[in-house]
Amino acid sequence: MIRNLIFDMGNVLIHWDPPRFMERMGLPEEDRALLLTEVFGSVEWIQTDRGTLSFEDGLKEMCARLPERLHRAARELTLDWWKDNLLPVEGMAELVRELKGLGYNIYLLSNAKLDLHQYFDRIPGSECFDGMIVSADWKLLKPQPELYHVLLREYGLKAEECFFTDDLNINIEAAVLVGMSGTVFRGVAGLRRTLTEAGVPVKAAD
């Protein structure tokens, strides 16, 4: 029986769309391409998600590969992206609140940097969460099974009672390998159907 609903954050609870972030900053296409590669596509971005590299050291390495005119943009995208870009995924806050009202435990399992703790309460539905595991806190990344085991251990959960929703196939496979069930997120309507099939009595999508 499912008792615990676990959610990823990016492209599940909020839209994670770096090209849109840069477009909203008014950057030209050429500069956006550089930043997409040297910031969001960098090894340093992954290392800060893992918590093995500080923001400042990571930013220094990124800027070393960028023209000076983009250093300010790189800083804003690394340190402050969330201040203007927390765009909720439509219908997810309502679903999370519905699940909480039905008596389910709600958890976050996210590859994210240490600053997630600064802004998570700004995400609609975040008040319903009973706990969170953030990769940078543990120096682990999904799909490493060790991070899933951290979630189970820290909150005293049984894997067979957990249902995980993530936007990446590989992260769901890892959840299954540790004994959870789960689904790849492709929109709230599909998630509602899958939850119903798993025995979670949520309302059907409109």
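Every heavy atom of this structure was used, including side-chain atoms; hydrogens, water molecules and symmetry mates were not. Throughout, numbering of the chain's residues begins at 1 and tracks the sequence. Keep in mind that this is a model prediction, so the values were computed, not measured.
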Locate the shortest heavy-atom distance separating [X] from [Y]; write the atom from each residue and the value.
{"X": "C63", "Y": "A74", "value": "SG-CB, 4.2 Å"}
{"X": "F129", "Y": "L108", "value": "CD2-N, 3.5 Å"}
{"X": "L5", "Y": "I2", "value": "CD2-CG2, 4.1 Å"}
{"X": "L36", "Y": "P18", "value": "CD1-CB, 4.0 Å"}
{"X": "L53", "Y": "G58", "value": "CD2-CA, 3.4 Å"}
{"X": "S135", "Y": "A112", "value": "OG-N, 2.9 Å"}

Discussion item. Run the side-chain hydrogen bond (donor to acceptor under 3.5 Å, both in side chains) test on N85 and H15 for me, step by step, so that the C-alpha distance in whole Å, both residues' side-chain angles and the decisive distance to 0.1 Å come before the verdict.
Written reply: CA-CA 8 Å; N85 292 294; H15 290 285; over 6 Å; no
pair [X]-[Y]: side-chain heavy atoms closer than 4.5 Å:
{"X": "N4", "Y": "Y104", "value": "no"}
{"X": "L95", "Y": "V202", "value": "yes"}
{"X": "P67", "Y": "L34", "value": "yes"}
{"X": "L177", "Y": "P145", "value": "no"}
{"X": "D137", "Y": "V150", "value": "no"}
{"X": "S181", "Y": "V176", "value": "no"}
{"X": "R186", "Y": "L191", "value": "no"}
{"X": "T183", "Y": "I172", "value": "no"}

Tell me whether [Y] is reachable from [X] by hopping between hydrophobic residues (I, L, V, M, F, W, Y) whose side-chain heavy atoms are closer than 4.5 Å.
{"X": "L147", "Y": "L157", "value": "yes"}
{"X": "L27", "Y": "W82", "value": "yes"}
{"X": "L168", "Y": "I46", "value": "no"}
{"X": "L152", "Y": "W138", "value": "yes"}
{"X": "L151", "Y": "V12", "value": "no"}

Worksheet item: Which is it for L59 and H71 under the side-chain contact (heavy atoms from CB on, under 4.5 Å) test, yes or no, and what are the steps along the way?
Response: CA-CA 9 Å; L59 184 62; H71 289 186; over 6 Å; no
Discussion item. In this structure, is the centre-to-centre distance between the rings of Y155 and Y107 below 6.0 Å?
Written reply: yes
Discussion item. Counting the benzene-type ring for Trp, do F21 and W16 have ring centres under 6.0 Å apart?
Written reply: yes
Response to the item:
Only one of W45, Y119, F40, F55 passes ring pair (Phe, Tyr, Trp, His ring centres under 6.0 Å) with W81, and that residue is Y119
If you draw a 6.0 Å radius around [atom1] in [X], do more than 12 non-hydrogen atoms from other residues or ligands fall strictly inside?
{"X": "R122", "atom1": "CZ", "answer": "yes"}
{"X": "R72", "atom1": "CZ", "answer": "no"}
{"X": "R50", "atom1": "CZ", "answer": "yes"}

Worksheet item: Can a donor-acceptor pair be found between the side chains of T52 and K139 at a distance below 3.5 Å?
Response: no
With a 3.5 Å distance limit and no angle check, can you tell me whether [X] reaches the backbone of [Y] through a side-chain donor-acceptor pair?
{"X": "Y148", "Y": "N171", "result": "yes"}
{"X": "R192", "Y": "K203", "result": "yes"}
{"X": "D130", "Y": "I106", "result": "yes"}
{"X": "S110", "Y": "V134", "result": "no"}
{"X": "S126", "Y": "F120", "result": "yes"}
{"X": "Q144", "Y": "L141", "result": "yes"}

Atom [atom1] in [X], atom [atom2] in [Y]: separation rounded to 0.5 Å?
{"X": "N105", "Y": "C128", "atom1": "CG", "atom2": "SG", "value": "12.0 Å"}
{"X": "M22", "Y": "R32", "atom1": "CE", "atom2": "CZ", "value": "7.5 Å"}
{"X": "I14", "Y": "L86", "atom1": "CD1", "atom2": "CG", "value": "5.0 Å"}
{"X": "I6", "Y": "T165", "atom1": "CD1", "atom2": "OG1", "value": "9.0 Å"}
{"X": "R75", "Y": "D80", "atom1": "CZ", "atom2": "CG", "value": "8.5 Å"}
{"X": "F7", "Y": "I123", "atom1": "CZ", "atom2": "CD1", "value": "13.0 Å"}

Fill in: salt bridge (charged side-chain N to carboxylate O under 4.0 Å, His left out) evaluation trace for E127 with R97
CA-CA 9 Å; E127 74 279 0; R97 289 166 181 152; 2.8 Å; yes
Discussion item. Determine whether R65 and S42 satisfy the following criterion, side-chain contact (heavy atoms from CB on, under 4.5 Å), listing intermediate values before the conclusion.
Written reply: CA-CA 10 Å; R65 299 189 297 268; S42 68; 3.4 Å; yes
Fill in: Verdict with supporting geometry, V188 and E90, side-chain contact (heavy atoms from CB on, under 4.5 Å)
CA-CA 7 Å; V188 70; E90 298 77 4; over 6 Å; no
Practice prompt. Would you please test V89 and N11 for side-chain contact (heavy atoms from CB on, under 4.5 Å) and show each step?
Written response: CA-CA 7 Å; V89 170; N11 290 330; 5.7 Å; no
Worksheet item: Could you go step by step and tell me if N111 and D49 meet the side-chain hydrogen bond (donor to acceptor under 3.5 Å, both in side chains) rule?
Response: CA-CA 6 Å; N111 284 351; D49 270 1; 5.7 Å; no
Discussion item. Consider side-chain contact (heavy atoms from CB on, under 4.5 Å). Of D31, T37, V39, which one does L66 pass it with?
Written reply: V39
Worksheet item: Under 4.0 Å between a Lys/Arg side-chain N and an Asp/Glu carboxylate O for K142 and D166?
Response: yes
